Amino acid sequence: MTQPNHQDEKKPFPWHLVVFLTPALLVYVTFSVYPLLDTLFLSLFDTQRGESTFVGLQNFITLVTDDNWSDAFWNALLNNFKFFAIHMLLQNPIGLLLAVLLSSPKLRLSGTYRTLIFMPTMLSVVIIGFVWQLLLSPIWGISENFLYSIGLGHYFDAWLGKEGSALITLSFISVWQFVGIPMMLIYATLLNIPDDIVDASVVDGANPLQTFWYIKLPLILPTIAMVSILTFVANFNAFELIYAVKGALAGPNFSTDLMGTFFYRTFFGFQLQQGSASMGAAVATLMFLIILVGVMLFLFFVQRRIQRFQF
Amino acid sequence: AGTLNIESWRSDDANIWSDVIIPAFNKSHPGTKVYFSPTPPTQYNSALQAKLQAGTAGDLITCRPFDTSLTLYKEGYLDKLNDLKGLGEFSDVAKSAWVTDDGQDQFCLPMASVIHGFIYNKEIFKELSLSEPKTRDEFFKVLDTIKSESRYTPLAMGTADQWETATMGFQNIGPNYWKGEAGRKALLDGKAKLTDKPYVDTWKELAKWKPYLGNGFEAQKYSDSQNLFTLSRSAIYPAGSWDIQTFNNQADFEFGAFPPPVAKAGDTCYISDHTDIGIGINANSKNKAAARELLNWMTSQEFAELFANAVPGFFPLSNHKIAIKDPVAQEFISWRDDCESTIRNSYQILSRGTPNLENQLWNVSAQVINGTMTPEAAAQETQEGLEQWYAPQQ
Amino acid sequence: MASVKLNNIKKRFGDVDVLHGIDLDIKDGEFVVLIGESGCGKSTLLRLLSGLEDITEGDLYIDGERVNGRSPAKRGIAMVFQSYALYPHMNVFKNMAFGLKIAGKDKAFVNNKVLEAAKKLKIDHLLNRLPRELSGGQRQRVAIGRAIVRDPKVFLFDEPLSNLDASLRVQTRVELGKLHQELKATVVYVTHDQVEAMTLGDKIVVMNKGRVEQVGSPLHLYHHPQTQFVAGFIGSPKMNFLSARITEVGPENTQIMLESGRVISAAIDSSSLEKGAHVQLGLRPEHMSVTCDKNTLEGKITLVEHLGEQSYLYVDIQQEGEFVLKVDGDNQYQAGDNVTFGIKPNSLYLFNHQGHALPRVNSNLETKPLP
Amino acid sequence: MASVKLNNIKKRFGDVDVLHGIDLDIKDGEFVVLIGESGCGKSTLLRLLSGLEDITEGDLYIDGERVNGRSPAKRGIAMVFQSYALYPHMNVFKNMAFGLKIAGKDKAFVNNKVLEAAKKLKIDHLLNRLPRELSGGQRQRVAIGRAIVRDPKVFLFDEPLSNLDASLRVQTRVELGKLHQELKATVVYVTHDQVEAMTLGDKIVVMNKGRVEQVGSPLHLYHHPQTQFVAGFIGSPKMNFLSARITEVGPENTQIMLESGRVISAAIDSSSLEKGAHVQLGLRPEHMSVTCDKNTLEGKITLVEHLGEQSYLYVDIQQEGEFVLKVDGDNQYQAGDNVTFGIKPNSLYLFNHQGHALPRVNSNLETKPLP
Amino acid sequence: MKLLNGLLSSSPRNVSKSVTVHAILLAYTVIALFPIVVVIINAFKTRKAIFKDPLGLPDSSSFTLAGFEEVLLRSNFGLYSWNSLVVTLIAVGLVLLLGAMAAWALTEYKFRGNFVVTFLFAMGIMIPIRLGTVSILSLMVELNLANTLTALVLVYIAQGLPLAVYILSEFVRTIPKELTEAARCDAVSEYKIFFCIILPLLKPAMATVAVFTMIPIWNDLWFPLILAPGEETRTITLGVQQFVGQYVTNWNSVLSALTLAIVPVLILYTIFSRQLIRGLTSGAVK
Ligand SMILES: Nc1ncnc2c1ncn2[C@@H]1O[C@H](COP(=O)(O)OP(=O)(O)OP(=O)(O)O)[C@@H](O)[C@H]1O
Ligand SMILES: Nc1ncnc2c1ncn2[C@@H]1O[C@H](COP(=O)(O)OP(=O)(O)OP(=O)(O)O)[C@@H](O)[C@H]1O
Ligand SMILES: [Mg+2]
Ligand SMILES: [Mg+2]
């Protein structure tokens with residue numbers, strides 16, 4: 001036997017790692033990371049006059065200090081928070097409720113309900129925008145007649161057109177469309193809770209509400225947290241619905257302006273307004289930072305406290 | 001010879017191009033294949049910009065008037081057209097929307113203009129024994145009559161899309177207040193302010209429209225307005241001439257048109273005859289020769305007539321005398337003879353800075369009609385916006 | 001504490017009959033063990049008792065009251081699940097206190113109760129831990145503690161030890177036995193493990209395909225199985241079975257012939273059968289001796305398992321099949337050896353072709369009557 | 001088939017030393033069982049053998065070749081996991097054939113191999129089933145089958161039976177034993193269960209905290225544990241331990257005094273110790289008799305477990321602690337009874353304060369030398 | 001009545017609870033479906049009827065297939081659907097494959113840079129890729145891919161990968177380590193381990209990712225417009241847009257086209273949905 005040699009049979013280079021990772025990285029970096037960085041990079045330049053000059057953080061300073069920009073920026077940000085708040089208060093609780101109901105034991109037709117309720121999530125925003133405007137339009141009277149028929153007619157208003165209600169109404173529509181996602185995710189987690197644990201609480205004397213509140217809810221908190229993050233990210237990137245229904249000027253009086261529409265207007269321009277790649281990039285960078293900070297804060301303050309449970 | 005792609009936001013015209021215009025062109029220029037590839041209008045500017053930057057845009061670019069195209073030209077995406085033969089067929093006013101500020105370079109060929117006015121339902125007018133109003137008083141009297149004596153909505157307009165309020169409201173009736181080109185130039189020179197009486201009065205009149213609009217007009221979209229009118233639920237429609245084509249297809253009643261009413265009978269009337277569509281050549285086109293040929297053909301009488309009759313409501317800007325068959329379109333174009341023409345006052349130069357005047361006009365006009373802003377405040381806000389960056393106004 | 005009475009209880013899931021009419025009397029304070037093959041309906045029966053599942057037919061009385069429609073909470077039962085079913089997000093204290101909290105008991109009372117139970121189970125130092133920070137045995141005790149604090153009339157256990165490893169299982173089993181003696185609670189206990197059944201049960205209920213096969217004290221079942229099923233189920237290693245045929249019928253003594261032609265006599269009353277009837281001969285591995293010289297069988301050892309103080313011999317008997325013997329640990333057997341062993345006539349069991357046991361005569365084995 | 005040699009094998013995870021230098025010789029065809037407490041490094045050792053984990057220090061030889069850096073695939077080993085690790089999406093046949101297919105064997109060969117193994121394991125009727133359609137025991141056999149077909153030099157088993165229920169475990173254990181005799185393969189087998197260890201192993205390796213505590217044949221370990229750890233680990237119920245103090249030192253006979261003051265004599269060579277030294281007295285539950293009248297202890301029974309043919313008595317001996325006795329099943333003991341029992345001097349063990357066993361004199365218990 | 005009984009759980013104790021559950025779910029289902037039903041019935045009506053009585057069912061006077069005729073005859077609807085289908089399926093397929101490979105590599109192997117790559121992918125969830133449009137387009141032009149479906153596929157892969165890697169990583173973690181170790185002992189190469197063992201086990205998870213990736217791709221308007229606006233490469237959503245004019249929207253045709261466009265997604269969804277729920281419940285791997 002030879003002298004033990006600790007470096008014998010050195011591990012071969014992990015070619016498989018390269019093979020597994022490269023295709024995804026290649027496509028992703030080339031067609032997403034690089035273009036995005038390339039664009040975000042523009043935020044440090046001024047491209048207003050055709051050629052670009054390096055201006056450092058000037059664009060950002062303009063964005064938050066110059067009234068012309070900052071008013072729109074803060075307005076969009078505030079609206080975005082409202083938009084997000086409504087989703088958190090409505091979309092996720094409704095999704096939760098539906099998921100809980102869907103997961104009730106021995107429920108017939110649950111697959112059918114699930115598919116049907118998920119349908120709006122699959123539709124293109126063109127349909128969503130059109131049909132809700134039709135439904136809510138005071139001119140065609142669908143909602144109005146419906147409300148009158150249940151005695152609430154005088155509450156009806158041109159919700160989509162009023163400054164006070166347009167954003168809320170659009171949020172509701174968005175909630176309607178996307179409620180399927182939290183529903184599906186939470187439903188799946190609920191299915192994962194072992195029956196035993198629920199049985200145990202029943203034997204312990206808890207009624208269904210108590211079982212939900214004390215047992216199921218804490219166990220699906222991690223999923224709810226994940227759903228919240230996804231909602232946050234999606235809401236702060238939201239754009240299409242507003243754009244389809246209200247256009248890039250997000251009327252009335254910018255009351256439905258979100259970061260997404262603000263970015264679009266800035267970057268691509270609108271009507272007679274010329275797009276500015278550099279200011280647009282600055283808005284986009286800020287959006288990204290806000291989302292990043294939000295996600296970080298969330299991970300730091302909330303996620304850390306939420307425990308995942310193995311069953 | 002070769003292939004030409006036309007970038008356009010006019011998806012409405014796709015059939016007309018493929019069925020009428022391109023075949024006609026091919027009769028005299030058989031070798032050239034022309035494709036009209038429209039982009040949805042809301043995405044046109046941004047999509048075009050991206051495509052130009054990447055070099056994938058079509059050979060011919062349909063031009064929005066003034067700065068949008070001017071910027072493209074300055075960035076080198078559009079060819080200079082100064083030496084295009086047919087350019088002589090156009091008046092300076094017609095060309096003004098697509099020349100550099102110093103008037104030196106022409107970068108798009110004027111194609112069509114649109115005229116504002118009011119379209120009305122003749123049957124309803126007959127039913128209520130109304131006649132076309134000539135003055136503002138008459139106009140409001142007509143509105144009052146419709147409102148009080150019938151179930152029709154007097155005015156078919158909504159504020160949901162905002163642009164109608166600025167375009168078919170403010171720019172429609174405004175020229176009568178600010179005396180057309182004179183007022184527009186004064187604004188450009190800094191001799192007039194938006195807080196001056198003519199402008200405030202324009203908004204004041206707009207504010208007076210509110211009671212005559214339909215229920216829930218705040219959420220009424222442009223297409224809703226069209227539908228209200230074509231379904232005979234509304235009597236008068238503040239219009240752009242392009243609507244003629246739509247209504248021809250959709251309305252099964254007779255409709256007519258009248259120009260924006262003047263203050264008192266006999267006053268000079270002013271109309272907005274806005275240079276709206278031009279067409280230019282992509283500087284990076286591989287087929288410029290053919291593109292030029294097409295443009296040249298587009299300066300011809302043949303094209304003007306084809307286009308004007310295929311798309312009633314879009315009026316050729318060339319000096320050719322052409323026969324327009326559509327009666328309502330004829331009515332519109334006849335105003336050119338009776339009234340002074342002008343273009344929308346926010347389009348030239350004034351929407352160049354931040355804040356953007358055109359965007360502001362949309363916003364404040366909608367608010368004025370909604371009743372959430374006074375005419376004075378609207379004037380104040382737009383004027384302040386202008387003063388921020390436009391030297392002559394400072 | 002309470003008595004439990006089951007009166008012709010049936011359960012149907014959709015079209016499937018799972019329980020075919022169970023009658024059972026459980027006395028106050030009794031420890032009843034349910035055993036039976038997988039899928040025979042043990043858990044289902046327990047769930048009917050707890051009220052987690054509705055009874056299809058029949059009556060269930062707890063303490064003389066009919067409780068069929070009553071909700072689990074109001075039956076005064078507590079259940080310990082195989083998987084423990086601890087609430088993963090609550091610490092040990094909260095797990096144990098949950099039932100009391102839900103019942104609206106005041107804080108001091110809850111604290112006392114929980115502490116008391118935790119001390120009894122020696123988990124009072126773990127009260128702040130989460131379930132996942134506990135070992136299997138500790139989790140098991142928390143699950144029991146959660147049941148105890150509620151002072152239930154009846155405890156239901158569904159295979160509570162099956163998730164523990166062998167040594168912990170022995171230990172916890174012992175603790176459970178002591179706990180029962182201390183609490184004097186009525187217990188219904190489901191298990192697969194017959195050692196548990198034998199050691200814990202005052203009474204064992206052997207179930208087979210949704211029916212009760214036999215009820216009796218552990219030793220009674222060990223010594224007097226009524227059916228071949230019960231005989232095979234109780235005792236480890238399992239009873240050996242050989243096919244045989246009766247050659248001589250008798251009320252005191254029966255002669256039987258094995259397939260190999262060998263004749264064996266047994267102290268069994270076979271008067272109910274006729275000569276020539278097919279029977280199954282049952283022999284417990286521990287009831288054969290390698291020294292005896294009457295009634296012998298011989299075969300070749302295929303495997304020896306030394307367990308220290310005892311050994312199991314796996315013997316291949318030509319024509320009869322495989323056989324297991326339990327012998328003293330002090331031996332020198334090896335695989336491949338031939339071995340001859342004797343059968344004591346009074347340690348034999350005979351089962352008729354329906355699987356029913358024939359009565360045994362003068363069994364010298366102790367018999368405990370049903371308690 | 002192959003021999004395996006471990007030469008001062010060490011394993012470190014980051015800063016944690018898990019194995020502190022293991023030396024072990026495994027002969028060709030030997031069945032070696034690794035036992036030890038949870039976390040002592042059994043699985044880690046197995047994973048080092050298999051090559052799934054890198055060896056930090058030391059040398060591993062399979063069949064004389066050093067294989068430290070060799071990939072699992074090239075070591076000629078097969079591993080059976082506790083969780084079976086069957087590929088859930090492949091049926092039984094494919095599961096078993098997968099390794100061969102990957103190795104590029106031709107179809108007929110694979111078919112033959114798999115069928116042969118399946119027959120041997122009596123799973124040839126299950127070849128088309130998916131793992132989830134199998135019972136625990138069947139899955140277990142598939143996992144073994146998957147290992148067999150590859151004709152490995154060494155089989156590694158990591159607690160392969162721990163997921164089975166008690167009766168199935170007994171059965172599978174027996175089958176494993178037979179299989180080993182048939183295949184004559186080298187096997188390294190990790191288990192927690194000492195019955196498995198005792199019955200299956202040619203050689204048992206007792207591990208303790210990353211070290212080998214003792215190596216020997218099952219009976220050798222049972223009779224001659226070198227340390228208290230081994231003594232306590234082997235035998236069920238566990239050996240009873242009592243604290244004591246030496247009152248008379250001797251090479252043939254030792255007198256010790258229990259905490260209660262009672263003096264007991266043991267056939268043990270205590271010459272290495274001094275009078276007054278603290279020792280632990282070890283007594284196996286099965287080595288005490290309730291009839292003997294010398295060297296007696298008495299106590300109160302707290303629990304009786306009847307297992308049929310035997311019973312365990314849990315006895316509380318004042319001042320000494322709790323004690324377990326194994327007695328004949330034929331008894332009438334009840335909790336609460338007092339019992340007196342005797343200790344045979346030559347069935348005693350003594351351990352010094354380091355836990356090392358003192359040599360026993362003339363033990364009348366059979367001793368198998370290391371095979 | 002029998003149906004009702006069938007719907008409700010058998011025990012009388014649970015009937016009222018069961019009724020409530022069904023009532024709420026039914027109510028919400030109506031809310032979810034009502035607008036969609038409105039779209040569909042209006043697709044069969046004349047423009048006038050749509051706006052005269054949006055809720056009315058088409059009757060003999062208002063029924064028309066004009067919208068569908070317009071869609072199917074005037075536009076290359078078949079080609080558009082084909083393009084959409086090709087792009088969606090290839091992109092989703094590749095997202096799944098590449099995503100699974102990356103997720104597997106990132107969770108199974110320890111290597112330097114693991115964290116950086118993971119973070120890089122996480123970033124993609126937070127920034128909409130639309131932001132990089134101009135660079136993407138220039139890139140495609142340089143690669144000579146402008147106006148090809150390939151360009152769309154590439155962008156959609158880049159767009160879908162971050163979420164796919166994120167979700168699939170979670171699932172890879174639930175696959176018992178023993179499986180791969182068993183395979184390694186069986187002398188299976190890392191590639192075969194991935195393709196023969198991991199990939200089949202990830203199937204349910206992939207269904208989840210497939211649905212989440214598919215929806216935005218199918219409905220996307222932006223990139224088809226920028227990258228592949230040509231007649232030959234037009235996708236369905238972009239095709240529909242030709243009925244949305246500057247001043248006139250041909251609602252009848254839009255609705256018909258959209259109704260037709262729902263069908264393929266619905267089919268794809270139903271194909272995936274059974275796996276989807278299994279995928280979302282991680283117990284699937286056991
Ligand atoms: N909800 C149910 N629907 C239909 N059949 C069921 C249901 N629950 C149990 N069963 C069936 O009833 C029979 C008895 O099941 P049960 O769980 O009571 O068996 P068990 O004796 O507890 O078995 P194990 O020892 O495996 O736990 C089984 O055949 C099972 O398939
Ligand atoms: N990858 C690892 N990193 C760090 N420590 C580890 C790792 N794997 C095992 N250990 C530690 O090494 C020790 C031995 O673990 P191992 O799994 O070998 O124990 P075991 O004897 O198999 O226990 P069990 O009987 O519970 O299976 C344990 O303390 C464990 O925490
Ligand atoms: Mg059960
Ligand atoms: Mg281990």
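Proteins come first, then strands; the chains are lettered A, B, ... in the order of their sequence lines, and each starts at number 1. The figures here come from the full heavy-atom set of this structure, side chains too, leaving out hydrogens, waters and symmetry mates. This one's a predicted model, so the numbers in the text were calculated from it and none came from an experiment.
Within 6.0 Å of CG on L209(A) lie no more than 12 heavy atoms contributed by other residues, nucleotides or ligands. Counting heavy atoms of neighbouring residues, nucleotides and ligands inside a 6.0 Å radius, atom NZ of K94(C) does not exceed 12 of them. Taking a 6.0 Å sphere around CZ of R66(C), one finds it holds more than 12 heavy atoms contributed by other residues, nucleotides or ligands. Counting non-hydrogen atoms of other residues, nucleotides and ligands closer than 6.0 Å to CZ of F146(A) gives a total of 12 or fewer.
Using a 4.5 Å heavy-atom threshold, the side chains of D195(A) and F81(C) count as separate. By the 4.5 Å heavy-atom criterion applied to side chains, I215(A) and M90(C) are counted as neighbours. For the pair D199(A)/R47(C), a side-chain contact is recorded, criterion being any heavy-atom separation below 4.5 Å from C-beta on.
To the nearest 0.5 Å, atom OG of residue S83(C) and atom CD1 of residue I197(A) are 7.0 Å apart. How far CZ of R146(C) is from CG of D204(A): 5.5 Å, rounded to the nearest 0.5 Å.
Taking both residues in full, the closest heavy atoms of G205(A) and A73(C) are given as CA-CB, 3.2 Å, listed atom of the first, atom of the second, then distance.
A donor-acceptor distance shorter than 3.5 angstrom exists from the side chain of H89(C) to the backbone of Y214(A), with no hydrogens or angles considered.
Only the side chain of L52(C) comes within contact range of chain A, with heavy atoms under 4.5 Å apart.
Remark: K178(C) pairs with E322(D) by the side chain to side chain donor-acceptor pair (under 3.5 Å) rule, at least two apart or across chains.
Residues of residues 95-109 of chain C that come closer than 4.5 Å to chain A, counting heavy atoms only, are F98(C), G99(C), K101(C), I102(C), ordered by residue number.
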